[in-house]
*Asks:* 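Okay, here's the structure, questions in a sec.
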Amino acid sequence: MGAVQLTLGGIALAVSVVAWSMFVMTIMRMIRTIRLGQPDATRNGPFVPRLKTLIKEFAAHTRMAKVRTVAPWHWLVMWGFLIGSLALFEAYGEVFVPTWGWPILEDWSLWSLLMELLGVGTIVGGVALVIIRQLNHPRRADRLSRFAGSDFKAAYFVEAVVIIEGLGIIGVRAAKSAMGVHETPVWAAFASVPLGHLLPSSAALVSVFAFIKLMSAMVWVYVVSKNMTMGVAWHRFSAFFNIYFKREADGGVALGALKPMMSGGKVLDLEEADPDEDTFGVGKIEDFTWKGWLDFSTCTECGRCQSQCPAWNTGKPLSPKLVITQLRDHAYAKAPYLLAGGKRDMAGDEIGLTGDNPHAGIDVLALAESERPLIGGVEENGVIDPEVLWSCTSCGACVEQCPVDIEHVDHIVDMRRYQVMIESSFPTELNGMFKNLENKGNPWGQNAKDRLAWTEDLDFEVPVFDGELGEAEYLFWVGCAGAFEDRAKKTTRAVAELLHIAGVKYTVLGSEETCTGDPARRAGNEFLFQMLAQQNVEVLNSVFEGRERKARKVVVTCAHCFNTLANEYPELGGQFDVVHHTQLLNRLVREKHLTPVAPIAEDVTYHDPCYLGRHNKVYDAPRELVESSGATLREMPRHGDRSMCCGAGGARMWMEEKIGKRINIERVDEALGTAPTKIATGCPFCRVMLTDGVTSRQSDGLASESVEVIDVAQLLLTAVKRGDQQPASTTPAEV
């Protein structure tokens, strides 16, 4: 052990003690900070399914692979960090004793090959990620860069350390090879052995490379210890926990049903809730659960959510990524105040810190941060601008794409809940919608007695529930749009006629039906949603009284009704077997109860409704119906789980778009790019928005007058009716 080894080793140890001490203290402080959030016991188990999800997502990179150009390089860097940590700690021995290696492992050729692959893979992966970041740089116009708004300095710092670490691994191995330390076959050291032939045999060189490897790592440890908001670095640790504690224990993303409104770790009972004691949604950063704080801490600023967001892509101020990073920065800036016991009441007055000098020892920046409203414009110095909050369509594209399972939609709706129920601060257009839902039971404000007006043009009788289900197999939930909106009525009639042709026995509720409450809940009016939902659950339970769970069959044409009935009513005691009309009709076609006999020789593009596709994973049935009708299906560039929203979700159907390009116009432009004769969909909201978009483009002379927006049920009905089928004499078995 020479002077070089002693000097470099001594420096490495001294720096490491400081860096690792800071790192441990920062982790402890981060844990205390995250625990400032509200409790949430729903994340505690079950252990085995959550562990399986964690292993699958990180080992196989299942969610990272949604962007395939990135996944393999990130996979190399990830394993380089995890297993390569052994090479880092090995350097503590190598800097003092150049010939040192892990006992047993150092003479194992497969171990040598693994280290070689990790070293080369880390270098290649790191360089590839830098190139990808450059190719997607915000210098690109029209918001095309998913990295717009991301911290580039932090990202380049992390990627530089990754590359240096890889070079350090190979450098040490090459220097050892030059010394002839190990008799390693070339196949197990395919990079370091050739490089070793170019290097002098020098013990000092091994120590220098080991020192470089250690120092680059210690610089990284020191920097991240000083920056708890550097998500691009901290996700290396927090992502494992964020994946494990994701909302859905079965591994599903946080879509479908919304997270119930919670207070103090329990689902809030609105009948017994006290606004002075309970939290109604999220009005302050500390009202988020600890999982919310973990979400904020884990964001890598990769921008995948941003690149898929329909609001961002049409010039709106909303970026899901920036919402999360702004909440993160605010949370960690306010944390010292909260950790000291600070708390403000609803009027903004201090009630947590007491004494003659209550602010003693608290950073002035933390005190200033504590005074900022969570939601507010530039004048109020708010953390999240109201225009950002209300631009969300709740389409779920952000949640679907996030590689670390951040739950953007739940957080946004929680903030909306507080604004609506406590602050009464929301877009004025929603006033009318809320009043119509409360007084008339539908967002259009129509009379309940008109819910059967859609049946008037049919040449057969539509059975209406009269107190007994009788032989009816399905309850046909028509929905508000299907009953009152002229374009949606065509879908309702088409489905009713197809069920009649197939001999499916069904009934409708008529005036007993009311809105499921979806627009109220997505707009944050949880109280109104609960009122409507409980009313519907009571009606439906009485309709299906005496029937077992699997026999409580409901078919719906609205994707939003489908999602609410199937995923959100169970928590209120409504257990039903809910199917979308495209699923039921597709089964009827497959089982020959409906036979399309005359192909429709048209080119059709299909738009995936967000609440049918992303939220409920129904992609195949509507496409199979389009093809079974004989039409040629032409897919848009964004389809399936990457489909773009029509702009109606999140109660945006009843809000005017005042900023940027209209979302429905953007989607229609994409649809028209496939040169279709018809644009098909499976949701009345989508149909309204797309029809308006097509009409606008036709008036601009940018679309043919023959282009039409229809529901897939209408396509099928056209193909079936050409065969002049008669109603089946028997009910189809278990469709």
Side-chain angles (χ1 to χ4, degrees), residues 256-258 260 267 269-272 436-455 461-484 492 495-496 499-500 504-521 525-581 583-584 616 731-732 734-735:
L258 275 175
V267 175
D269 185 341
L270 290 176
E271 294 183 359
E272 300 179 0
N436 287 335
L437 286 175
E438 187 173 357
N439 298 327
K440 297 290 188 177
N442 67 86
W444 281 275
Q446 299 293 315
N447 292 320
K449 63 182 180 63
D450 295 328
R451 278 190 175 268
L452 289 172
W454 62 271
T455 65
E461 184 178 354
V462 173
V464 182
F465 181 72
D466 59 1
E468 293 290 337
L469 270 179
E471 297 181 354
E473 184 179 6
Y474 284 93
L475 173 69
F476 181 10
W477 185 273
V478 177
C480 301
F484 300 121
T492 309
V495 172
L499 295 180
H500 177 70
V504 176
K505 295 188 180 299
Y506 68 94
T507 189
V508 299
L509 286 178
S511 60
E512 290 297 307
E513 189 178 296
T514 192
C515 180
T516 60
D518 165 83
R521 191 172 217 195
N525 197 334
E526 186 72 12
F527 181 82
L528 182 53
F529 164 74
Q530 296 273 350
M531 183 186 77
L532 294 168
Q534 288 170 0
Q535 177 182 335
N536 282 325
V537 167
E538 184 178 343
V539 169
L540 289 171
N541 282 340
S542 66
V543 169
F544 288 117
E545 187 175 4
R547 288 199 177 187
E548 58 182 359
R549 165 72 171 78
K550 65 180 181 180
R552 297 179 160 213
K553 297 182 179 182
V554 182
V555 57
V556 298
T557 59
C558 176
H560 297 261
C561 294
F562 173 62
N563 179 69
T564 305
L565 289 167
N567 299 324
E568 298 187 333
Y569 277 19
E571 68 189 45
L572 299 173
Q575 301 281 342
F576 314 110
D577 183 12
V578 187
V579 297
H580 191 255
H581 72 284
Q583 295 174 302
L584 176 57
N616 287 284
T731 301
E734 291 301 315
V735 296

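Basis for what follows: all heavy atoms, side chains included, without hydrogens, waters or symmetry-related copies.
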*Asks:* Is there a donor in the side chain of D518 and an acceptor in the side chain of N563, or the other way round, less than 3.5 Å apart?
*Replies:*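 The criterion, which ignores hydrogens and geometry beyond distance, is not satisfied for N563 and D518.
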*Asks:* Are any of the side-chain heavy atoms of L258 and F529 separated by less than 4.5 Å?
*Replies:*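 In short, these two side chains do not touch, never coming nearer than 4.5 Å.
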*Asks:* Can you tell if the side chain of V462 reaches within under 4.5 Å of the side chain of W454, non-hydrogen atoms only?
*Replies:*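 In short, these two side chains touch, coming nearer than 4.5 Å.
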*Asks:* Say whether, by atom type as modelled, one donor and one acceptor occur between the side chain of D577 and the main chain of K553 under 3.5 angstrom.
*Replies:*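 Side chain of D577 to backbone of K553, a donor-acceptor pair under 3.5 Å: no, none is there.
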*Asks:* Would you indicate whether the side-chain heavy atoms of P570 and Q575 approach each other to under 4.5 Å?
*Replies:*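 Result yes, sub-4.5 Å side-chain heavy-atom pair found.
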*Asks:* So, E526 and Q530: side-chain donor and acceptor under 3.5 Å apart, yes or no?
*Replies:*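 Checked: E526/Q530 side chains pair up, N/O donor to acceptor below 3.5 Å.
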*Asks:* Angle class for the F476/Y506 ring planes (parallel below 30°, perpendicular above 60°, tilted otherwise)?
*Replies:*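 Because their plane-to-plane angle is over 60°, the rings of F476 and Y506 count as perpendicular.
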*Asks:* Does a side-chain heavy-atom distance below 4.5 Å link D466 with E468?
*Replies:*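 Yes, close enough: below the 4.5 Å cut-off.
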*Asks:* Shortest non-hydrogen contact from G574 to N541?
*Replies:*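 What the structure gives for the nearest pair is CA-OD1, 4.4 Å.
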*Asks:* Between N525 and L437, is a side-chain contact (heavy atoms from CB on, under 4.5 Å) present by the stated rule, with each step listed?
*Replies:* CA-CA 11 Å; N525 197 334; L437 286 175; over 6 Å; no
*Asks:* Return yes if some donor-acceptor pair links the side-chain N/O of S542 with the main-chain N/O of V539 below 3.5 Å, else return no.
*Replies:*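 Yes; judged by distance alone, with no hydrogens or angles, the pair exists.
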*Asks:* Which heavy atom in Y474 sits nearest to a heavy atom in L584, and how many Å separate them?
*Replies:*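 So the minimum-distance heavy-atom pair works out to OH-CD1, 3.5 Å.
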*Asks:* Hey, is the main chain of T514 close enough, under 3.5 Å, to the side chain of Q535 for a donor-acceptor pair?
*Replies:*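 No, because the side chain of Q535 does not come within donor-acceptor range (under 3.5 Å) of the backbone of T514.
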*Asks:* Within the 4.5 Å heavy-atom criterion, are V555 and H581 side-chain neighbours or not?
*Replies:*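 With C-beta onward as the side chain, the pair touches.
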*Asks:* Compare every heavy atom of G256 with every heavy atom of N567, then report the nearest pair and how far apart it is.
*Replies:*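 Closest approach of N567 to G256: ND2-CA, 3.8 Å.
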*Asks:* Is the closest side-chain heavy-atom distance between M531 and E438 below 4.5 Å?
*Replies:*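 Yes - at least one pair of side-chain heavy atoms lies under 4.5 Å apart.
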*Asks:* Mind checking what makes ring pair (Phe, Tyr, Trp, His ring centres under 6.0 Å) contact with H560, not counting sequence neighbours?
*Replies:*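 Once residues adjacent in sequence are excluded, the partners of H560 under the ring pair (Phe, Tyr, Trp, His ring centres under 6.0 Å) criterion are Y611, F685.
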*Asks:* Is the shortest side-chain heavy-atom distance between V578 and W477 below 4.5 Å?
*Replies:*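 The answer is no; the side chains never approach within 4.5 Å.
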*Asks:* Can you label the angle between the F562 ring and the H580 ring as parallel, tilted or perpendicular, going by 30° and 60°?
*Replies:*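 F562 vs H580 ring planes: perpendicular.
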*Asks:* Looking at every heavy atom in both Y569 and V537, which two are closest together, and how far apart are they?
*Replies:*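 Here Y569 and V537 meet closest at CD2-CG2, 3.7 Å.
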*Asks:* Ignoring hydrogens and angles, tell me if any N or O in the side chain of N442 forms a donor-acceptor pair with the backbone of W444 under 3.5 Å.
*Replies:*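 Answer holds: yes.
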*Asks:* Which heavy atom of N536 sits nearest to which heavy atom of C515, and what is that distance?
*Replies:*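 Answer, listing the atom of N536 first, then C515: ND2-O, 2.9 Å.
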*Asks:* Could you check whether any side-chain N or O of T507 sits under 3.5 Å from a backbone N or O of L469, counting only pairs where one atom can act as donor and the other as acceptor?
*Replies:*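 No, the answer is negative, given that no donor and acceptor are paired below the 3.5 Å cut-off.
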*Asks:* Can you tell me if F527 has over 12 outside heavy atoms packed within less than 6.0 Å of its CZ?
*Replies:*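 For F527, atom CZ is not crowded (no more than 12 foreign heavy atoms under 6.0 Å).
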*Asks:* At what distance, to the nearest 0.5 angstrom, does CD of E473 lie from CG of L499?
*Replies:*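 If we round to the nearest 0.5 Å, E473:CD and L499:CG are 10.0 Å apart.
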*Asks:* Could you tell me which non-hydrogen atom of G479 sits nearest to which non-hydrogen atom of C561, and how far apart they are?
*Replies:*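 Closest pair (atom of G479, atom of C561, distance): CA-SG, 4.2 Å.
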*Asks:* Are any of the side-chain heavy atoms of R451 and V478 separated by less than 4.5 Å?
*Replies:*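 The answer is no, as the side chains (C-beta and beyond) never meet within the 4.5 Å cut-off.
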*Asks:* Counting only heavy atoms not in E571, do more than 12 sit closer than 6.0 Å to its CD atom?
*Replies:*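 Correct, the count exceeds 12.
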